Amino acid sequence: MMRLLPISRPPSLCALTIRSSTSASATTIHHNHLHLSSSPSSSSSSPVQTISIVHQIQQQENRNLLLHIPLEKLFVPPGIELSLENPITRILRGSNIVLSPYAKESQISEAVFVKSSKGTEDCPSDGFPEFALVGRSNVGKSSLLNSLVRRRKLALTSKKPGKTQSINHFLINNSWYLVDLPGYGYATAPQTVRTDWDDFTKDYFLNRKTLVSVFLLIDASIPAKKIDIEYATWLTQQQIPMTLIFTKCDKRKKQKNGGKRAEENVEDFHVMMHEYFQEAPPWIMTSSVTNQGRDEILLHIAQLRNYWLKH
Ligand code: GDP
């Protein structure tokens, strides 16, 4: 049986206490936007545990988001062990990410555009840890970057194919970088230009020593595109640390976009990627309109960064 800790927490955190996993009967506990359930597995005597995290993603419309995350699909960051002996676990809201003691100093107080680089060798050499945003054009990358740093127009990158494409470094709090990479998948870009982007972003992923995690943005308001699956598969096969950032989670389902809600598209993406992932990558549901996921991304970055700096 799993129990909740009945104490109040910052809104981005969900708390749960795992007591034991031996209950074979389905158990559901509702508490403060979170419920947990443990239900019997059909094929074995040990129960499959399902964590269901319930919280509001559109408070103005009173719509609840319901995520079902099996225990083994949680992302446990370095620096923490998830075990029944370590009963207190917190999960970042709208994600599969377990919170670690390294999640400190997450907020952004200063963001400065530093440099556009033409290749990995031109990138800043001060050794600060960095997190790179990449995604299909129109996925919401500029909006997310601006929402993270709380500015309207920080992302200055040229978005038109054929114009200068570069690796753009933004120095945050004088101690780490957010990196904006060119979008991929422009339908209108000439093949040669597409190949160039591919070459230099892949070189950056493979050779940038200070890259802590690639943030691969996936539009959750539509079914995943083939090119998104290919990108995620390539990063996984190359063992490049990747965080999946699902964007536009505020959008209502539309028939012309497949008629599915954001959380259903997220679920479909996980199912499609299942065979490629040996371990579940971290993922977060976001919206630049409601700022859903903003604090969660920053806490995720903080815990990866602080661990990276100490090791
Ligand atoms: P980029 O090409 O990846 O940099 O994408 P942009 O940030 O320019 O966004 C592309 C389009 O999607 C714009 O019309 C944005 O207003 C819209 N958009 C971006 N993020 C969101 C979001 O979270 N929710 C909604 N509803 N629209 C978004």
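In this text the structure is predicted, and so the values were computed from the model without any measurement. Each ligand, and each atom within it, is numbered from 1 in the order the structure gives.
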Would you say [X] and ligand 1 have an N/O pair spaced under 3.5 Å apart?
{"X": "Lys141", "result": "yes"}
{"X": "Val139", "result": "yes"}
{"X": "Ser137", "result": "no"}

Is a side-chain N or O of Gln303 found less than 3.5 angstrom from the main chain of Tyr102, in a donor-acceptor match?
-> no
Where Leu148 and Ile108 come nearest, the two heavy atoms and their spacing | O-CD1, 3.6 Å
Looking at Leu181 and Ala132, what are the two nearest heavy atoms and their distance?
-> CD1-CB, 3.8 Å
Charged N-O contact under 4.0 Å between Glu296 and Arg93 | no
Give the atoms of ligand 1, by number and element, whose distance to some non-hydrogen atom of [X] is under 4.0 Å.
{"X": "Ser143", "answer": "6 (P), 7 (O), 9 (O), 19 (C), 20 (N)"}
{"X": "Asp250", "answer": "22 (C), 23 (O), 24 (N), 25 (C), 26 (N)"}
{"X": "Val289", "answer": "22 (C), 23 (O), 24 (N), 25 (C), 26 (N)"}

By side chain to side chain contact (heavy atoms under 4.5 Å, CB included), Ala232 pairs with (sequence neighbours left out) Leu216, Met242, Phe269, Met273
Does even one non-hydrogen atom of Thr247 get within less than 4.0 Å of ligand 1?
-> no
